[in-house]
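Have a look at the structure below, then the notes.
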Amino acid sequence: MHESRTGLSPLPRSFFTRPTIELAVALLGVRLVRRWEDGTASVGVIVETEAYGGPADRASHARAGPTRRNAAMFGPPGHAYVYRVYGLHTCLNVVGAADGGVGAVLVRAVAPLEGIVALAVRRTPPARTAPPRARLAAGPGNVGAAFGIGLELDGTDLTAPGPLWLAAPAAGMREALLADGVAAAARVGVAYAGAGWSDRPWRFGVRDHASLSRPFPRSG
DNA sequence: ATAGGGATTCTC
DNA sequence: AGAATCCCTATT
């Protein structure tokens, strides 16, 4: 498939070069493109994100400074930071520029757009007799599984066509998606950060979208 | 060399 | 509520 003809040209580096809180909101509606080794591709729309900062953010993987695992967070914006959690799941982050140019945005949920068959087929557990789930890539671990994102993709440049990149929303898509506004809430699973950090509303999502990893508390 | 724990998910 | 499961980090 040809990216230019299908409207899946990668977003430029400048899109990612901004504070991660801004980037986390801007990524809602952006398309995640996965090109498989057999040449087929899967595309989904990002509907939920979480912003993480640099060493100052007590919830961030960057909080103890650069290490081998979080090296990508300290690198140039627009690259992928992929990590494994609980020995089981791999999660995708988009590197942005928060404190001192360091930070990343966790992709928490992606709504299927194309290549749904491929997404379903590539899910880890083989034989599944139950009907396919409506929320295919809801939750960061499920995003990693559905898009076949392993640690080997850590550091991937998302601004160039390759195994994985990001493309601007289709015309009118973002406006339609966000017609009811952007929902915000505290980040998930970061209690270890302590009060003042764990409660910052840096989780963002398309309000009431069916593919959210979990509901946002109703506010206004 | 080794212990401790996690930006999770699914099932009971 | 509990298990599954392994890489990374910090410590001995």
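Computed from a predicted structure; not experimentally measured. Convention: sequence-line order gives letters A, B, ...; per-chain numbering from 1.
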(message) Can you measure A/Arg63 atom CZ to B/dA7 atom P for me and round it to whole angstrom units?
(response) 6 Å

(request) Starting from P on B/dA7, measure out to CG on A/Asn70 and report it in whole angstrom. (result) 12 Å

(request) Output, in order, the C-alpha distance, side-chain angles, deciding distance and verdict of salt bridge (charged side-chain N to carboxylate O under 4.0 Å, His left out) for A/Asp57 and A/Arg200. (result) CA-CA 10 Å; A/Asp57 180 0; A/Arg200 296 196 181 205; over 6 Å; no

(message) Donor-acceptor check, side chain of A/His209 to backbone of A/Val47, threshold 3.5 angstrom: yes or no?
(response) no

(message) From C-beta outward on A/Asn142, which listed nucleotide comes closest to its side chain: B/dA7, B/dC10, B/dT8?
(response) B/dC10

(request) Using the criterion of both pairing distances under 3.5 Å for Watson-Crick and G-U wobble pairs, give all stems of 3 or more consecutive pairs involving DNA chain C. (result) B:1-6 with C:6-11, B:8-11 with C:1-4

(message) With the six-membered base ring of B/dA7 as reference, does the ring of A/Tyr52 sit under 5.5 Å away with planes under 30° apart?
(response) yes

(request) Rounded off to whole Å, could you give me the CZ-to-C1' distance for the A/Arg69 and B/dG6 pair? (result) 7 Å

(message) One pair to check against salt bridge (charged side-chain N to carboxylate O under 4.0 Å, His left out): A/Arg84 and A/Asp154. What are the steps and the verdict?
(response) CA-CA 10 Å; A/Arg84 182 184 294 286; A/Asp154 184 32; over 6 Å; no

(message) Looking at A/His61, I'd like to know whether one of its side-chain N or O atoms comes within less than 4.0 Å of OP1 or OP2 on B/dA7.
(response) yes

(message) Given 3.5 Å as the limit, does a donor-acceptor pair link the side chain of A/Asn142 with the main chain of A/Gly139, or not?
(response) no

(request) Examine the side chains of A/Arg34 and A/Ser42 and answer whether a donor and an acceptor come within less than 3.5 Å of each other. (result) no

(request) Whole angstrom is fine here: how far is it from OH in A/Tyr83 over to P in B/dG5? (result) 18 Å

(request) Would you check if there is a donor-acceptor pair between the side chains of A/Arg108 and A/Thr49 at a distance under 3.5 Å? (result) no

(request) Nearest whole angstrom, please: distance from the C1' of B/dG4 to the OH of A/Tyr192. (result) 15 Å

(request) Give me the first and last nucleotide of DNA chain C, going 5' to 3', that has any atom under 4.0 Å from a heavy atom of chain A. (result) C/dA4 to C/dA10

(message) Between A/Glu48 and A/Val206 (side chain of the first, backbone of the second, donor and acceptor by atom type, cut-off under 3.5 Å), is there such a pair?
(response) no

(request) State whether A/Arg108 places a side-chain N or O below 4.0 Å from either non-bridging phosphate oxygen (OP1 or OP2) of B/dT8. (result) yes

(message) Reading DNA chain C from 5' onward, which residue's closest nucleotide shows up sooner: A/Gly87 or A/Arg68?
(response) A/Gly87

(request) Report the residue from A/Ile21, A/Leu106, A/Val105 that forms a side-chain contact (heavy atoms from CB on, under 4.5 Å) with A/Trp202. (result) A/Ile21

(request) Give the rounded distance in Å between these two atoms: CG of A/Asp199 and P of B/dA7. (result) 17 Å

(request) Name the nucleic acid region contacted by A/Arg187, choosing base, sugar-phosphate or nothing; use a 4.0 angstrom heavy-atom cut-off, strictly under. (result) nothing

(request) Nearest whole angstrom, please: distance from the P of B/dG6 to the CZ of A/Arg58. (result) 14 Å

(message) Please report the distance, rounded to the nearest Å, between CE in A/Met73 and P in B/dA7.
(response) 11 Å

(message) Would you say the ring centers of A/His61 and A/Tyr52 fall short of 6.0 Å from each other?
(response) no

